[in-house]
Amino acid sequence: MKLEKRSGDRPTEPAENVPPTDTDKKPVVIYIMVLFIAAFLLMIWSLFSHQRSNTEALGRLQSSVTAMQEVQELQDQVIALQRELAEANKRLEELEDTSSAQQKTVEILEMQNEAMQRLYMLQQQYAAGNYDACCQILHEFDTDGYTKYLPHLSDESVTHPEDRYQQLKDAVELHEAEAAAKEDGIS
């Protein structure tokens with residue numbers, strides 16, 4: 001009842017077999033075209049925004065790859081520098097070993113030189129007949145250990161320093177013993 005009141009006095013007639021007119025088709029076609037255009041525009045907008053985000057992602061990825069390459073190059077340089085440092089340390093150790101060996105050789109040569117100088121002084125004092133100075137030099141030889149630093153010569157044409165030292169020592173001790181015997185005989 002209420003439906004009838006609203007529709008008024010117009011009787012409702014069923015639209016049976018009424019062919020649609022061209023004016024009825026136009027708004028539907030326009031509506032569908034607008035929907036297709038809107039969908040097309042949304043697809044293009046989506047494509048461009050995806051393209052832009054892909055470009056940004058590729059840029060970040062490229063900068064990340066570049067950074068990784070730089071890191072790899074730096075790591076290669078660090079490894080090369082570590083190898084160089086290890087080689088330099090090895091050479092330094094070899095030089096230090098060589099230096100310490102040379103230092104020991106220098107010390108031995110200095111001691112040999114001192115022993116030979118004292119042997120020379122012993123010969124000079126013995127030749128001069130200064131037996132007290134000879135005893136002093138022999139005492140220094142024993143206390144300072146110069147006898148082990150007398151050089152070992154391979155030349156057979158000269159008396160070896162060790163032999164010459166022993167000869168002089170024996171001669172001084174013999175002279176001292178004779179002098180002591182004379183003093184005992186006199187007193």
Side-chain angles (χ1 to χ4, degrees), residues 1-120 140-156 160-162:
M1 297 210 219
K2 289 185 180 183
L3 287 176
E4 288 179 13
K5 283 185 183 180
R6 282 189 191 171
S7 48
D9 292 338
R10 265 193 289 160
T12 56
E13 294 179 18
E16 293 178 11
N17 294 335
V18 178
T21 61
D22 285 338
T23 58
D24 290 339
K25 289 183 183 177
K26 281 186 181 180
V28 172
V29 170
I30 290 174
Y31 179 71
I32 291 174
M33 284 179 60
V34 166
L35 286 177
F36 275 118
I37 289 172
F40 183 73
L41 289 175
L42 285 173
M43 285 179 15
I44 289 175
W45 177 73
S46 174
L47 176 71
F48 284 130
S49 72
H50 281 293
Q51 182 68 26
R52 183 182 51 177
S53 69
N54 286 346
T55 303
E56 290 174 0
L58 282 175
R60 286 191 305 267
L61 184 62
Q62 183 64 32
S63 66
S64 158
V65 167
T66 303
M68 290 299 288
Q69 288 173 342
E70 290 174 0
V71 166
Q72 183 64 38
E73 289 173 3
L74 289 174
Q75 285 178 342
D76 292 342
Q77 289 176 356
V78 166
I79 290 170
L81 289 173
Q82 287 174 341
R83 285 184 189 145
E84 289 178 17
L85 179 62
E87 290 174 7
N89 284 337
K90 185 178 178 181
R91 278 185 267 143
L92 179 63
E93 287 176 8
E94 290 172 357
L95 289 174
E96 286 175 348
D97 290 344
T98 303
S99 175
S100 66
Q102 289 175 347
Q103 182 67 27
K104 288 178 184 177
T105 302
V106 165
E107 290 172 3
I108 290 171
L109 289 174
E110 287 175 351
M111 292 301 287
Q112 284 179 345
N113 183 35
E114 184 69 25
M116 289 300 289
Q117 286 179 0
R118 294 196 184 239
L119 180 63
Y120 176 75
E140 289 173 1
F141 250 95
D142 291 336
T143 57
D144 293 339
Y146 287 115
T147 54
K148 65 181 177 184
Y149 291 107
L150 289 171
H152 304 287
L153 302 175
S154 60
D155 187 9
E156 296 296 325
H160 293 286
E162 306 98 354

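Everything numeric here is computed off the predicted structure, so don't read it as measured data. Reckoned from all heavy atoms, side chains included, excluding hydrogens, waters and symmetry mates.
Closest of all the heavy-atom pairs between Phe141 and Ala115 is CZ-O, 3.4 Å. Minimum interatomic distance between Ser49 and Ser46 (heavy atoms only, all atoms of both residues): OG-O, 3.1 Å.
Residue Met33 holds its CE atom at 12.5 Å from NZ of Lys26, rounded to the nearest 0.5 Å. Within the model, atoms CG of Leu150 and CE of Met111 stand 10.5 Å from one another, a figure rounded to the nearest 0.5 Å. Atom CD1 of residue Ile108 and atom NZ of residue Lys148 lie 10.0 Å apart, to the nearest 0.5 angstrom. For the atom pair OG (Ser99) and CD (Gln102), the distance works out to 6.0 Å, reported to the nearest 0.5 Å. Note that the CD atom of Gln72 and the CD atom of Gln77 stand 11.0 Å from one another [nearest 0.5 Å]. In this structure, CD in Glu162 is found 14.0 Å from OH in Tyr149, a value given to the nearest 0.5 Å.
Applying the salt bridge (Lys or Arg N to Asp or Glu O under 4.0 Å) definition to pairs two or more places apart or across chains, those involving residues 89-118 are Glu114-Arg118, Arg118-Glu140.
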For residues 78-85, run the donor-acceptor check on the side chains, cut-off 3.5 Å, and write out each pair with its distance to 0.1 Å, sequence neighbours left out.
none

Per-pair distances, 0.1 Å, donor-acceptor, side chain in residues 55-67, under 3.5 Å, sequence neighbours excluded:
from  : atom 1 : to    : atom 2 : distance (Å)
Thr55 : OG1    : Gln51 : O      : 2.8
Ser63 : OG     : Gly59 : O      : 3.4
Ser63 : OG     : Arg60 : O      : 2.8
Thr66 : OG1    : Gln62 : O      : 2.8

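Judged by distance alone, the side chain of Thr105 and the main-chain N or O of Ala101 form a donor-acceptor pair under 3.5 Å.
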